[in-house]
Structures are given as C-alpha cells and as structure tokens.
Amino acid sequence: MTHEALNTFLVGGAVRDELLGLTPDERDWVVVGATPEQMLALGFSQVGRDFPVYLHPDTKDEYALARTERKSGHGYGGFEVQAAPDVTLEQDLQRRDLTINAIARDQQGQLIDPYGGQQDLEARCLRHVSDAFVEDPLRVLRAARFAARFHYMGFTIAPDTAALMSQLSHSGELAHLPAERLWQETEKALNTANPEVYIQTLEQCGAIAALYPDWHPRKQELANLAAATAQANPVIRFASVLAHQSPDVVEVLCDTLGAPNQYRDLARLAARHGMDCHCRTGEHALKLLELTDAWRRPERFTDFLEVCRFTHLLQADEQSKLLQARETTQTIDTADWVAAGIKGAAIGERVQQERLQRLNRLYG
C-alpha cells in the first residue's frame, strides 16, 4: 500500500474554514479502512499513546484512523477508543462536537456532510452533532470558544445545544478537566476577536460558577476585555478582565486555569496596583514605579499601563507621563558619589532622592 492508496478525507476545521472563505490554520485527515501497522509501515509516526493519530512523513499533517469513542470515566480523558478498519467515516464524524466541525471532503473534492453542517454554516448556527455531546465536558469550553471566534460572522449557539452545555456545567464533570486543557481553550479564546463572548457564554450556561465559584465577572469587566481587543497581546487581554478582582480571586483563578507565569504575573500586578495608576505628584509616581518594579521590568510596566488604560481609564497623557517618568529615572549615575566615599545604603538613599527630584520636576 502507498500513501496515495489510503482512503483519506480532509475533516474538521480545515473544511469548515474553507467553506467560510477563511484560510485554514492546519489540515487534519481521517483514514478509513487502515490499521496502525499499515500506517507505520508507510512511514507515519504515531503521536501519543491514547489515540490512533499519526504524522505524515513529509507534510507532518495529522492523520487519524477512523474511530468511535465510548464514555468510560470522568472528564475529558474518560473514553474508550475503538479504531478498526470497519469504522466508517460517518461513525467517526458522529463523535465530533459541532456539526460545522463534522464535514469531510474526499480525495475527489466531494463533501460528506451527514449531520447538516453546511446548513448550520449557512444559518450561522453552532449545533451539537448528537447527544453524545454531554459525554465530554471540554465541549462546553469549545462551544463557547467557537461562539467567540465566529461572533463577528453572526454565529450563535443553538438553544438545544445551550441546554446540553448547561446540563454538563451542572453535572460536576467540569471539575475533572485538567488545568492544561482549561488553559488551552482559554488562550485560544483570548486570541479571538470577541473574547468577552467566551466568558459570557460560559457564565450563561453555569460553567463559570462550576469552575471558578469566587469569580463573578461584571458587565464592566467584560466591556474592559472587549476594549482590550484593540491590543493584540493576549496577556494584556487576560489581565484586563481580572484587573478589578481581588488579588486572592486572581490567584485562585490562575491556579485553576494553570495560567502561565507571564499571564499570572501581569494579572496579579493589575489587581494589586491598578488603582494606583493615576499619579498627580512625583512622590506618587515614585511609589508606583517601585511597586511595579518598573526599572528592572520595563516591558511589563508598559503592559501594566496598557491594562490600566483599558480598565482604569488611564488617559493618554497620564500614560505618556508615566512612561517618561520611568525613562527619566531609569539610569542614575552614582560615580561621583562613590568617588566621594559614599557607599552601601547611603548610595540607595541618594538614588531615591535623585529619582524623586526628577519626578517632582516632571510632575511640577
């Protein structure tokens, strides 16, 4: 058997995006009628141990053997996978989350759409493929992410799908999702044009209460996040929606999500010191620069000010002046003091005095 002889189908996001006139980020394939041994013999390399997914030896695209899944435990990984040559394409597509992700294209370019995905694309509807949707709690987050991603195109979640999302959210299954999966979906949502829709959707179906019971996102915080989408950096977006929360809530939420240090650090800083960003005196500016470690971490300080702009309505002139405050106090020449015999803590005191004098001149 050769690569060309495999009965392969382009599936999922690549087909969906092409039908929407978008450029697919990646291309995934399903292989019907093959065995693991045949895939390996053709030079494919297996990815992971849990699923029959292989990388093409040349293109590195993912090729998965057609499979079915049966719920056998809790959470995202609680499934028994059955991959066999007699599993049909329709059976493989049936296990997918949304109809718009359950369309395939064969090698001749013909679409295979047994669950009405094209109709739902036209209707701008996010609808589950089957009632097996409730077997995977991760699908709550995925549906919310697609709602955020395609909001600008007018997509909404079908009422019966929203009901299943609510059922899942109140079942206790979300608690079994690993932090890395929570974060993966969250980060993807943060990179959409409407990340606030992701949070709104999760709140409406009860997922926020199930996953983060101490977090109650307010309308203004979602508006802050929407405003922050003008800034491409997802780290700033993440901090913008949490800046008005208490530092304790931010810490717990970041732990639950498994948020990377860069995201956690800026969100924590914004929650602790965002209210201090409106400086009117040199002394106040000096304190803020100290609290935010602005001299050692100037890039983070710049990001912090961006968060303050979106969440505490920091005006452009205030932001510019704080950036100037950092620059004008960044470097202090201590050579003359050292030559005069001043050393140790006295040098630090002189540096602070010089910084304050410069800031007093700036804030006049």
Side-chain angles (χ1 to χ4, degrees), residues 9 11-13 15-16 28 30-32 47-53 62 64-84 86-104 112-117 120 125-149 155-186 188-189 198 201-212 256-258:
F9 300 84
V11 295
V15 179
R16 177 201 66 225
D28 296 327
V30 160
V31 183
V32 176
V47 181
R49 296 173 297 177
D50 297 331
F51 298 106
V53 179
E62 287 192 356
L65 296 183
R67 67 183 188 264
T68 59
E69 296 173 350
R70 184 171 66 85
K71 187 72 170 174
S72 61
H74 293 293
Y76 166 73
F79 292 91
E80 291 181 4
V81 176
Q82 176 66 31
D86 61 350
V87 176
T88 66
L89 176 65
E90 288 72 17
Q91 288 175 311
D92 183 273
L93 294 175
Q94 189 178 32
R95 67 175 176 78
R96 297 174 185 269
D97 51 6
L98 301 173
T99 60
I100 65 169
N101 298 328
I103 310 170
I112 298 92
D113 181 19
Y115 304 107
D120 283 338
C125 180
L126 301 172
R127 186 187 308 280
H128 61 284
V129 174
S130 73
D131 288 343
F133 182 93
V134 297
E135 294 181 353
D136 184 356
L138 187 65
R139 289 175 172 176
V140 173
L141 279 70
R142 281 178 55 83
R145 172 166 62 83
F146 283 116
R149 179 180 175 185
F155 276 84
T156 58
I157 296 175
D160 50 349
T161 303
L164 292 182
M165 292 170 66
S166 180
Q167 177 183 330
L168 256 176
S169 297
H170 291 88
S171 70
E173 280 288 309
L174 293 181
H176 297 280
L177 287 173
E180 59 267 23
R181 297 298 297 173
L182 294 176
W183 179 251
Q184 187 177 72
E185 293 301 320
T186 300
K188 288 179 180 179
Y198 177 73
T201 303
L202 293 181
E203 186 174 30
Q204 288 167 0
C205 72
I208 292 290
L211 288 167
Y212 325 109
T256 302
L257 278 175

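Taken from CZ in R181 to CZ in R142, the straight-line distance is 8.0 Å, to the nearest 0.5 Å. Taken from NZ in K188 to OH in Y198, the straight-line distance is 10.5 Å, to the nearest 0.5 Å. Atoms CG and CZ, from L126 and R149 in turn, are 11.0 Å apart once rounded to the nearest 0.5 Å.
Side-chain contact between F146 and I157: absent, with no pair of heavy atoms (C-beta onward) separated by less than 4.5 Å. Inter-residue side-chain proximity for V30 and L89 is flagged as met; some heavy-atom pair is nearer than 4.5 Å. Contact of the V11 side chain with the R96 side chain is registered, since non-hydrogen atoms from C-beta on lie closer than 4.5 Å. Between D160 and H128, some side-chain heavy-atom pair lies under the 4.5 Å cut-off. No side-chain heavy atom of V15 sits under 4.5 Å from any side-chain heavy atom of F9. Annotation: side chain of L177 is in contact with side chain of L141 (closest heavy-atom distance under 4.5 Å). Between R67 and V53, some side-chain heavy-atom pair lies under the 4.5 Å cut-off.
Results of the side-chain contact (heavy atoms from CB on, under 4.5 Å) test with S169 over L174, L164, I208 single out L174 as the only residue that passes.
Applying the side chain to side chain donor-acceptor pair (under 3.5 Å) rule to T99 yields the partners D120; only residues at least two apart in sequence or on another chain are considered. Residues passing the ring pair (Phe, Tyr, Trp, His ring centres under 6.0 Å) test with F155 are F150, sequence neighbours excluded. With sequence neighbours left out, the side chain to side chain donor-acceptor pair (under 3.5 Å) criterion links N101 to R16, D97.
Side-chain N or O atoms of S171 include one that pairs as donor or acceptor with a backbone N or O of L168 at under 3.5 Å. Side-chain N or O atoms of Y115 include one that pairs as donor or acceptor with a backbone N or O of E90 at under 3.5 Å.
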